[in-house]
Peer 1: 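Quick one: this structure, given as structure tokens, is what I'll be asking you about.
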There are 2 protein chains.
Amino acid sequence: MMTITGLDATDIEILKLLQKDALLTNKEISFKLRKSIATIHERIRRLKEQGYINRVVALLDRTKIDKSLIAFSQVLLNGHTANTLYQFEQEVVKFPEVMECFQMTGTFDFLLRIATRDMDAYHHFYRNKLATLPNITSIQSFFVLSETKSDTAYPL
Amino acid sequence: MMTITGLDATDIEILKLLQKDALLTNKEISFKLRKSIATIHERIRRLKEQGYINRVVALLDRTKIDKSLIAFSQVLLNGHTANTLYQFEQEVVKFPEVMECFQMTGTFDFLLRIATRDMDAYHHFYRNKLATLPNITSIQSFFVLSETKSDTAYPL
DNA sequence: GTTGAAAGACCTAGTGA
DNA sequence: TCACTAGGTCTTTCAAC
């Protein structure tokens, strides 16, 4: 097994479990890993304190909350000064439709993950919000047809 | 405010809060929304039962668990029969490095989100796992330089 | 749908081994 | 690391509005 600096096998197992289901009680985890509740409690406290666990969130069913369309949009800017990049980032993260924004290597500068109700709503976002930002050379959009796998858990 | 079938303003506010921080107690939520604890408890029970809340997970700091490199890889297959698509999906989701797999519209078939330790590990995954799957015409990989925004919360 | 109250489960910190 | 303890907090249920 790949080891991670500062973590032993018990820590790894705890992280694996909590990545899948953070509602597990210390009692349940202690039973699964055959350790005492006090041990599990202390481990989790340390994992949070040291920043291994960032936060705990609820994941929603996007089809039930009217966000049925996910787009990945590749954005190319017409300049790569620190200021141009910074300004784009500052503005694009303000849009609630933008769930993720990554600066990327390769043939475009930013990759955005955008959630909207439908194609009409995406079109509106595109024309009235995204495309109005300065210094954009091109935006290329790809749409999710189906989710085959959708994990927030990292392989451990 | 955009309304969602079956949810009132209180439900929406609860979902907003839990998407950001699922460790909020019913007590804290009831205080924020000026409702009784029992009401909040009943609403959350219903939201889970009806599938609005899929699950609750811990999000880890990927730099601390040795998954510093995130790649987005665009895969194009050399055939689009139902069987070819299905076989690719069946195999690719088995790789633990693949966190997300989407079938897409446009100039490629699948978009993969891949987490590895570093470029060496990605290379190994690419050569020994991904590229060995049948019916692949091309794989184009893009790497994350920096995360400007990284949300799991949908806009509500 | 909402409420307050009551009982039970769990968390958390402490001790000593 | 563990077992045990005890106090405090939260969850969960329920009768009543």
Side-chain angles (χ1 to χ4, degrees), chain A residues 1-67 152-154 156, chain B residues 1-61 64-66 152-156:
Chain A
M1 178 194 292
M2 180 66 60
T3 62
I4 298 175
T5 313
L7 298 184
D8 68 7
T10 302
D11 293 319
I12 302 276
E13 290 307 311
I14 291 173
L15 290 178
K16 276 189 192 175
L17 289 172
L18 292 181
Q19 278 197 116
K20 298 280 182 190
D21 181 5
L23 294 183
L24 288 167
T25 64
N26 292 351
K27 193 179 178 183
E28 289 169 316
I29 296 172
S30 72
F31 180 75
K32 281 177 194 283
L33 303 187
R34 289 143 203 276
K35 301 274 179 181
S36 74
I37 294 178
T39 299
I40 300 299
H41 180 256
E42 170 59 18
R43 297 301 189 104
I44 292 178
R45 191 199 60 73
R46 217 189 80 246
L47 290 168
K48 286 183 178 168
E49 182 192 74
Q50 299 185 347
Y52 289 94
I53 297 175
N54 267 340
R55 55 209 179 94
V56 174
V57 300
L59 301 181
L60 308 189
D61 182 336
R62 66 182 166 79
T63 65
K64 301 206 70 157
I65 54 167
D66 243 23
K67 294 289 176 296
T152 54
Y154 292 98
L156 289 176
Chain B
M1 180 194 291
M2 179 66 60
T3 63
I4 299 174
T5 312
L7 299 184
D8 68 9
T10 302
D11 293 319
I12 302 276
E13 290 307 312
I14 290 172
L15 291 178
K16 277 190 193 175
L17 289 171
L18 292 180
Q19 277 197 115
K20 298 281 182 189
D21 181 5
L23 294 183
L24 287 168
T25 64
N26 292 350
K27 193 180 179 183
E28 290 168 315
I29 297 172
S30 73
F31 180 76
K32 282 177 195 282
L33 304 187
R34 289 141 203 276
K35 301 273 179 182
S36 74
I37 293 178
T39 298
I40 300 299
H41 181 258
E42 168 59 18
R43 295 300 190 105
I44 293 177
R45 190 199 60 72
R46 217 190 80 246
L47 289 169
K48 286 182 178 167
E49 181 192 73
Q50 299 185 347
Y52 290 94
I53 297 174
N54 267 339
R55 54 211 179 95
V56 173
V57 300
L59 302 180
L60 308 188
D61 183 334
K64 301 205 70 155
I65 54 166
D66 244 22
T152 54
Y154 291 98
L156 288 177

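Chain naming here is simple, since letters A, B, ... match the order of the sequence lines and numbering starts at 1 in each.
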Peer 1: A:His41 side chain N/O closer than 4.0 Å to the phosphate oxygens (OP1, OP2) of C:dT12?
Peer 2: yes
Peer 1: So, B:Arg46 and B:Glu49, do they make that salt bridge, N to O below 4.0 Å?
Peer 2: no
Peer 1: Working note: B:Leu24 + B:Lys32, criterion side chain to side chain contact (heavy atoms under 4.5 Å, CB included); need CA distance, chi angles, decisive distance, verdict.
Peer 2: CA-CA 10 Å; B:Leu24 287 168; B:Lys32 282 177 195 282; 4.1 Å; yes
Peer 1: In whole angstrom, give the distance that lies between atom CD of A:Glu42 and atom P of D:dC4.
Peer 2: 20 Å
Peer 1: Would you mind reporting whether B:Ile14 and B:Lys35 have side-chain heavy atoms less than 4.5 Å apart?
Peer 2: no
Peer 1: Please give, in whole Å, the distance from C:dC11 P to A:Lys27 NZ?
Peer 2: 9 Å
Peer 1: Which of these nucleotides, C:dT3, C:dG1, D:dT1, is closest to any side-chain atom of A:Thr39?
Peer 2: D:dT1
Peer 1: Take atom CZ of A:Arg45 and atom C1' of C:dC11, then tell me their distance rounded to the nearest Å.
Peer 2: 14 Å
Peer 1: In whole angstroms, how far is the C1' atom of C:dT12 from the CD1 atom of A:Ile40?
Peer 2: 15 Å
Peer 1: To the nearest Å, how far apart are A:Arg34 CZ and D:dA3 C1'?
Peer 2: 18 Å
Peer 1: Rounding to a whole Å, what distance do you find between B:Asn26:CG and C:dT3:P?
Peer 2: 13 Å
Peer 1: When rounded to the nearest 0.5 angstrom, what distance separates CD in A:Glu13 from CG in A:Asp8?
Peer 2: 10.0 Å
Peer 1: Between C:dA7 atom P and B:Ile37 atom CD1, what is the distance in whole Å?
Peer 2: 17 Å
Peer 1: Using whole Å, report how far CZ of A:Arg43 lies from C1' of D:dC2.
Peer 2: 12 Å
